[in-house]
Colleague: 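Structure incoming, see below.
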Amino acid sequence: MRSIRRVVAVGLVGGAMTLTAACGGGGGGGSAAKADLGAGAAASTPAAAPTSAVPKVSKAAVSIEPKAGSVDVAPNALKVGVTGGKLTTVKVSDKAGKEVPGTISADGASWVPSAALAVGTAYQVSAMAADADGAVATADSGFTTLTPTALAKASDNVDNDATYGVGMIVSVDFSKDVKNKDEVAKGITFETSNGTVVKGHWFGDRRLDFRPEQYWVPGTKVVVHYRLKSVEIAPGVYGGDRDEPFTIGRSQISTVDAAAHKMTVVSAGQSSDIDITSGSDDHPTWNGTMVIMSKEGTVRMQSSTLPGMTGAPYDLQVPHSMRLTTSGTYVHGNWWAKNSIFGGDNVSHGCVGLKDAEGGSDSSSMGKFYAGSLVGDVVVVKNSIKKETLDPSNGLSGWNLQWGSW
């Protein structure tokens, strides 16, 4: 239902209001003027005919949805429109007088707010329109938006004021399936110190990843703005609002050549080569661009957790472990292999191994690489014999999607 009201515009000419009034002569009141005229004067000077303006009824009819007095209104339900004319002004404000920004369409037929209204808030709407003759019509409405009864948590992989590598992808996981994906994506925005544009990509119904077209520029300051409090994530389910600042650190990109058994690390413009061992022929390492998801220290790794595992079983405490994929690809320390393996052969079960000591040594190849790495650093693997393509959703591997598909 709609709140619609036509209004009479009195004496409107060319869109302006004309007011008429009878004025007495000589500054006197009406009764004194009659006495001064006398009978002769009245006969010789006929009285002026009274004038009156015929009221014009505007052909414009303004409509406001929701109707006046509505409660439990969805935050995106407000619509203002007009037939038989064009909107001239629309004002929407809450109880505190804070106005809601919005835009009148180019043809003047409608008005929409720039963003969803706040939940649990009372609003007042006043709208004005004019028809082709300039006759004005107005309409008013007051309503209250709903108070959410269910919330969906949106958690991500960013810590406030932390520093990340240039390949950092912000990954947001929702606690419930998201139905209104476009509105949710619009409700998460990125403010960057250098104007870097960030775009989101959905992986399924609960995961939304964000990245720029190219790797981040070192030193970029970023603030993620979550404005989901008034966004309906799923029917009857809403989110929350918060801000999360972080910084992009120096650039470090490591390229693993599985065939050459070497990793070239370019960090802050300085390049170095490290001997490595990667996945064996039975368990080759993924080719593609990966990102350090987490620095996990010493991790227990067991062959029993590896689907399709061949070869001798193992149960190891693996030092200096940094995760590259959700499925279990790491770059980590290796203390059990012979020295000749590093730079000479691929014997791992899919991970990239660097020389280390049992329990982990800070002075080892892996110890130094671990200490100098950030979550968000890029690790690129090439020349592995693995034929399958790394799934962009496996870890923070979205860089393997072209920007046009992102």
Side-chain angles (χ1 to χ4, degrees), residues 1-20 52-148 179-189 225 227-233 235 238-239 241:
M1 296 181 65
R2 302 182 175 179
S3 298
I4 302 177
R5 201 170 81 204
R6 294 181 183 271
V7 173
V8 175
V10 181
L12 288 174
V13 179
M17 181 177 289
T18 304
L19 301 177
T20 59
S52 62
V54 178
K56 291 183 179 179
V57 177
S58 179
K59 297 181 180 66
V62 180
S63 62
I64 300 174
E65 296 180 0
K67 70 176 183 178
S70 296
V71 295
D72 293 329
V73 173
N76 60 353
L78 175 58
K79 297 177 183 178
V80 181
V82 64
T83 58
K86 293 184 178 182
L87 291 169
T88 55
T89 59
V90 177
K91 180 179 179 181
V92 182
S93 57
D94 61 19
K95 277 188 174 181
K98 181 180 179 181
E99 292 194 21
V100 175
T103 305
I104 295 175
S105 62
D107 61 3
S110 63
W111 177 95
V112 292
S114 300
L117 303 179
V119 293
T121 303
Y123 287 96
Q124 188 65 38
V125 184
S126 297
M128 181 179 293
D131 65 15
D133 297 325
V136 174
T138 64
D140 303 287
S141 182
F143 60 88
T144 303
T145 54
L146 59 80
T147 298
K179 302 299 182 183
N180 299 322
K181 291 181 179 178
D182 289 344
E183 292 303 314
V184 169
K186 290 177 184 176
I188 305 175
T189 59
H225 298 292
R227 295 296 180 266
L228 300 175
K229 180 180 178 181
S230 299
V231 175
E232 191 177 31
I233 293 174
Y238 290 77
D241 294 351

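Small disclaimer: the values here were computed from a predicted structure and weren't measured. Just so you know, these numbers use all the heavy atoms, side chains as well, and skip hydrogens, waters and symmetry mates.
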Colleague: Could I get the full list of side chain to side chain contact (heavy atoms under 4.5 Å, CB included) partners for Val184, not counting sequence neighbours?
Modeller: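 Only Phe174, Val178, Trp202, Leu228, Val231, Ile233 meet the side chain to side chain contact (heavy atoms under 4.5 Å, CB included) criterion with Val184.
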Colleague: Can you sort out the partners of Glu232 under salt bridge (charged side-chain N to carboxylate O under 4.0 Å, His left out), two or more places apart, ordered by chain and number?
Modeller: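 So Glu232 forms no salt bridge (charged side-chain N to carboxylate O under 4.0 Å, His left out) with any residue.
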Colleague: Output all residues satisfying salt bridge (charged side-chain N to carboxylate O under 4.0 Å, His left out) with Lys79, sequence neighbours left out; order by chain, then residue number.
Modeller: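 In terms of salt bridge (charged side-chain N to carboxylate O under 4.0 Å, His left out), with neighbours along the sequence ignored, Lys79 is linked to no residue.
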Colleague: So how far is it from Thr89 OG1 to Ile104 CD1, rounded to the nearest 0.5 Å?
Modeller: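 The distance works out to 7.0 Å.
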Colleague: Name the one of Asn76, Val73, Leu78 that satisfies side-chain contact (heavy atoms from CB on, under 4.5 Å) with Leu117?
Modeller: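 For Leu117, the side-chain contact (heavy atoms from CB on, under 4.5 Å) check succeeds only for Leu78.
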Colleague: Within the structure provided, determine whether Leu146 and Val119 are in side-chain contact (heavy-atom separation under 4.5 Å).
Modeller: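 Yes, close enough: below the 4.5 Å cut-off.
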Colleague: Residues in side chain to side chain contact (heavy atoms under 4.5 Å, CB included) with Asp131, at least two apart?
Modeller: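 Testing Asp131 for side chain to side chain contact (heavy atoms under 4.5 Å, CB included), a comparison that skips the adjacent residues, returns Ser58, Lys59, Ala60, Asp133, Ala135.
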Colleague: Quick one: salt bridge (charged side-chain N to carboxylate O under 4.0 Å, His left out) partners of Lys181, sequence neighbours excluded?
Modeller: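 Partners of Lys181 by the salt bridge (charged side-chain N to carboxylate O under 4.0 Å, His left out) criterion, ordered by chain and then number, come out as Asp205.
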Colleague: Taking only residues two or more places apart in sequence or in another chain, which ones pass salt bridge (charged side-chain N to carboxylate O under 4.0 Å, His left out) with Lys98?
Modeller: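 Listed in chain order: nothing, the list is empty.
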Colleague: Please list every donor-acceptor pair under 3.5 Å in which a side-chain atom of residues 122-130 meets a protein atom from a residue at least two apart or in another chain.
Modeller:
unit_1	atom_1	unit_2	atom_2	d
Tyr123	OH	Ala118	N	2.9
Gln124	NE2	Ser141	O	3.1
Ser126	OG	Asp140	OD1	2.8

Colleague: Write down the atom of Tyr238, the atom of Pro75, and the distance for their closest heavy-atom approach.
Modeller: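 Distance-wise, the nearest heavy atoms are OH-CD, 3.3 Å.
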Colleague: Nearest 0.5 Å, please: how far is OG1 in Thr147 from CG in Asp72?
Modeller: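 Going from CG on Asp72 over to OG1 on Thr147, the span is 7.0 Å.
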Colleague: Would you list the pairs meeting side chain to side chain donor-acceptor pair (under 3.5 Å) in which at least one residue belongs to residues 99-112, sequence neighbours left out?
Modeller: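 Passing the test, one end in residues 99-112: Ser105-Asp107, Ser105-Ser110.
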Colleague: Looking at Thr121, is its backbone amide N or carbonyl O close enough to the side chain of Thr145 to form a donor-acceptor pair, meaning the two atoms are under 3.5 Å apart?
Modeller: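 A pair under 3.5 Å: yes.
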